[in-house]
**Q** 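One structure follows; several queries about it will come next.
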Protein chains: 2
Amino acid sequence: MVGITTQAGSATQPRTPLSKVRVLDAAVALADEGGVDALSMRKIAQALDVVPMALYKHVANKNELLDGMIDVLVGEIDPPAGDTDWKTAVRRRVLSARRMLLRHPWAPEVIESRIKARSTPTPAVMAYLDSMIGIFRAGGFSVDLVHHALHVMGSRLLGFSQELFQDSSDGEPDPDALAPEEMAARYPHITELAMAVAHDQESVVGSGCDDQFEFEFALDLTLDGLERLRLGTR
Amino acid sequence: MVGITTQAGSATQPRTPLSKVRVLDAAVALADEGGVDALSMRKIAQALDVVPMALYKHVANKNELLDGMIDVLVGEIDPPAGDTDWKTAVRRRVLSARRMLLRHPWAPEVIESRIKARSTPTPAVMAYLDSMIGIFRAGGFSVDLVHHALHVMGSRLLGFSQELFQDSSDGEPDPDALAPEEMAARYPHITELAMAVAHDQESVVGSGCDDQFEFEFALDLTLDGLERLRLGTR
DNA sequence: CTTGACGGGTGTACGGCGTACACCTACCGT
DNA sequence: ACGGTAGGTGTACGCCGTACACCCGTCAAG
């Protein structure tokens with residue numbers, strides 16, 4: 001009865017080894033079928049036929065695991081279509097993101113909770129946003145207008161609400177922060193936008209972006225759109 | 001050393017008794033200063049100088065406590081101003097809600113998580129929505145247009161995203177559901193809207209509301225608004 | 001062929017969590 | 001005087017995340 005392994009049913013084949021993606025995929029699958037409350041390190045381990053502590057060789061802790069899960073989801077969003085106007089490109093992308101969210105109803109909650117706990121989104125989210133900004137820029141939007149547009153789109157870009165970059169300058173300086181040049185190389189559009197916003201009002205100490213203004217801008221745009229609809233002048 | 005009470009510092013005065021609102025207020029205060037992760041029944045009890053199990057005489061369990069906390073927050077939103085046009089009325093209300101959310105940054109996450117766990121929002125949330133719908137109706141919006149408008153506003157109405165009423169017809173029939181007539185009396189506008197939507201397309205089996213259509217409607221309204229901005233035709 | 005480092009799975013243990021259940025007690029209407 | 005009841009207490013259970021020590025197979029260097 002006592003085989004080579006303590007966990008595997010059959011002791012013959014050496015069992016495919018764990019890996020970060022295997023752990024992440026198992027976690028996503030578990031969340032899909034039981035919601036995020038039913039997700040625990042112990043359950044993931046059980047699903048992988050492994051002892052709980054084994055997971056920690058591949059993810060630092062549960063928070064990092066959640067971050068990784070988000071990245072998996074973002075990876076499910078279709079890449080931008082390069083051969084159309086900005087509007088249909090954005091439209092397709094957002095609808096693709098929505099489809100992903102419908103597949104994983106627990107996602108918004110996790111994204112919401114993770115954003116509040118990190119100073120900066122994960123690289124996959126950054127890349128997604130960067131390419132989204134790229135679509136707007138290619139469509140003839142000014143940097144400022146793209147900035148407004150992102151706020152207007154708000155939660156429609158992904159599950160999450162405003163204040164994506166709320167304040168990247170609090171607490172300790174984030175050990176895995178990118179050097180500026182690498183940042184610019186990897187996320188050109190985000191960098192461009194960030195620089196513009198920063199220069200725009202260098203007197204302000206805050207986040208370099210007047211959240212209140214942006215919120216009201218988006219709100220008014222929406223209200224005006226509704227008004228137009230009400231009057232039939234569309 | 002052994003006084004009348006085991007918990008209170010001084011055993012002389014009989015200590016103000018617990019109550020649901022005292023528990024809720026303490027919970028909100030704790031969440032405000034430590035985030036929702038730092039919220040535990042044990043911590044709340046400690047803050048109230050009481051043993052953890054005492055809380056359960058006033059709230060059924062932690063989920064009900066979270067629901068109650070949301071109600072407290074919704075109660076902080078200013079009531080609608082009755083003496084203006086619909087647009088400024090909505091505007092003020094939404095901005096008031098936003099101020100509340102800024103005071104309680106943990107709120108969106110909790111709201112998000114609670115919505116997924118309940119078939120119907122709490123009464124306070126219902127009342128908030130009802131009066132919001134009332135503002136639109138009084139402003140001359142048709143029932144259908146209000147319906148669209150709610151979807152368009154999306155997360156701006158509160159912290160939460162779309163699918164507020166996602167599918168009230170799954171699982172068991174919800175023990176504390178209201179009788180239709182009481183429902184109509186208490187939330188007249190919600191009832192009106194729900195009836196209209198239901199009649200609208202009685203052939204469809206689903207939720208009586210084509211979520212996909214609504215999502216795209218809101219998306220397109222937003223995109224059109226952005227396009228107008230881009231072209232300077234505003 | 002030995003050896004030693006090391007990547008990766010294991011086992012034990014700790015403190016914190018939500019809460020079921022039994023209890024105790026002060027008060028109040030009869 | 002007395003039984004009920006509302007409300008606070010104490011104990012205990014099972015789950016959680018994870019620190020820490022361990023152990024073993026692989027493989028490069030000697």
Side-chain angles (χ1 to χ4, degrees), chain A residues 1-24 26-27 30-31 34-69 106 109-110 113-114 117, chain B residues 1-24 26-27 30-31 34-69 106 109-110 113-114 117:
Chain A
M1 187 59 192
V2 177
I4 292 175
T5 69
T6 13
Q7 297 273 341
S10 75
T12 54
Q13 59 266 59
R15 172 175 50 173
T16 67
L18 241 43
S19 71
K20 183 153 184 174
V21 304
R22 286 230 309 144
V23 172
L24 258 33
L30 236 61
V36 76
D37 291 338
L39 191 72
S40 75
M41 296 306 247
R42 289 166 142 98
K43 298 250 188 71
I44 299 168
Q46 191 178 346
L48 289 169
D49 216 6
V50 115
V51 100
M53 286 311 292
L55 304 179
Y56 287 84
K57 300 288 177 177
H58 302 274
V59 297
N61 50 50
K62 191 172 185 184
N63 281 342
E64 195 192 280
L65 177 115
L66 291 173
D67 286 340
M69 291 171 68
W106 46 272
E109 183 183 344
V110 173
S113 75
R114 292 313 300 141
Chain B
M1 188 57 192
V2 176
I4 291 176
T5 69
T6 12
Q7 296 273 338
S10 74
T12 55
Q13 60 264 56
R15 172 177 48 175
T16 67
L18 240 44
S19 71
K20 182 153 184 175
V21 303
R22 285 231 308 144
V23 172
L24 258 33
L30 236 61
V36 76
D37 291 338
L39 190 72
S40 74
M41 296 305 247
R42 290 166 142 97
K43 297 252 188 71
I44 299 168
Q46 192 177 350
L48 289 170
D49 216 5
V50 114
V51 99
M53 285 311 292
L55 305 178
Y56 287 85
K57 300 287 174 173
H58 302 274
V59 297
N61 50 52
K62 191 172 185 184
N63 281 341
E64 195 192 279
L65 177 117
L66 291 173
D67 286 340
M69 291 171 68
W106 46 271
E109 183 183 345
V110 174
S113 76
R114 293 312 302 141

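If you're wondering where the values come from, they're calculated on a predicted model, not measured in any experiment. Chain A is the first sequence line, chain B the second, and so forth, proteins listed ahead of strands; every chain is numbered from 1.
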**Q** Does the side chain of A/Leu48 reach to within under 4.5 Å of the side chain of A/Arg22, using non-hydrogen atoms?
**A**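 They are in side-chain contact.
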**Q** For C/dG7, take OP1 and OP2 only and decide whether either is under 4.0 Å from a side-chain N or O of A/His58.
**A** no
**Q** Does A/Gln46 CD have over 12 foreign heavy atoms under 6.0 Å away?
**A**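 Open.
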**Q** Between C/dG9 atom P and A/Lys20 atom NZ, what is the distance in whole Å?
**A** 15 Å
**Q** To the nearest Å, give me how far apart CZ (B/Arg22) and C1' (D/dG7) are.
**A**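 Result: 13 Å.
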**Q** Return the minimal non-hydrogen interatomic distance between A/Ala45 and A/Pro52, and the atom names on each side.
**A**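 Smallest interatomic distance, heavy atoms only, reads CB-CA, 3.4 Å.
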**Q** Output the distance between atom CG (B/Leu65) and atom CG (B/Leu39), rounded to the nearest 0.5 Å.
**A** 6.5 Å
**Q** Could you tell me how far apart B/Leu18 (CG) and D/dT9 (C1') are, to the nearest whole angstrom?
**A** 13 Å
**Q** Please examine the side chains of B/Lys57 and B/Leu18, heavy atoms only from C-beta on, and report whether any two atoms are closer than 4.5 Å.
**A** no
**Q** Between protein and nucleotides 12-24 of chain D, map the contacts as a letter string: B base, S sugar-phosphate only, - none, heavy atoms under 4.0 Å, written 5' to 3'.
**A** B---BBBBB----
**Q** Just to verify, what does B/Ser113 make a side chain to side chain contact (heavy atoms under 4.5 Å, CB included) with, not counting sequence neighbours?
**A** A/Glu109
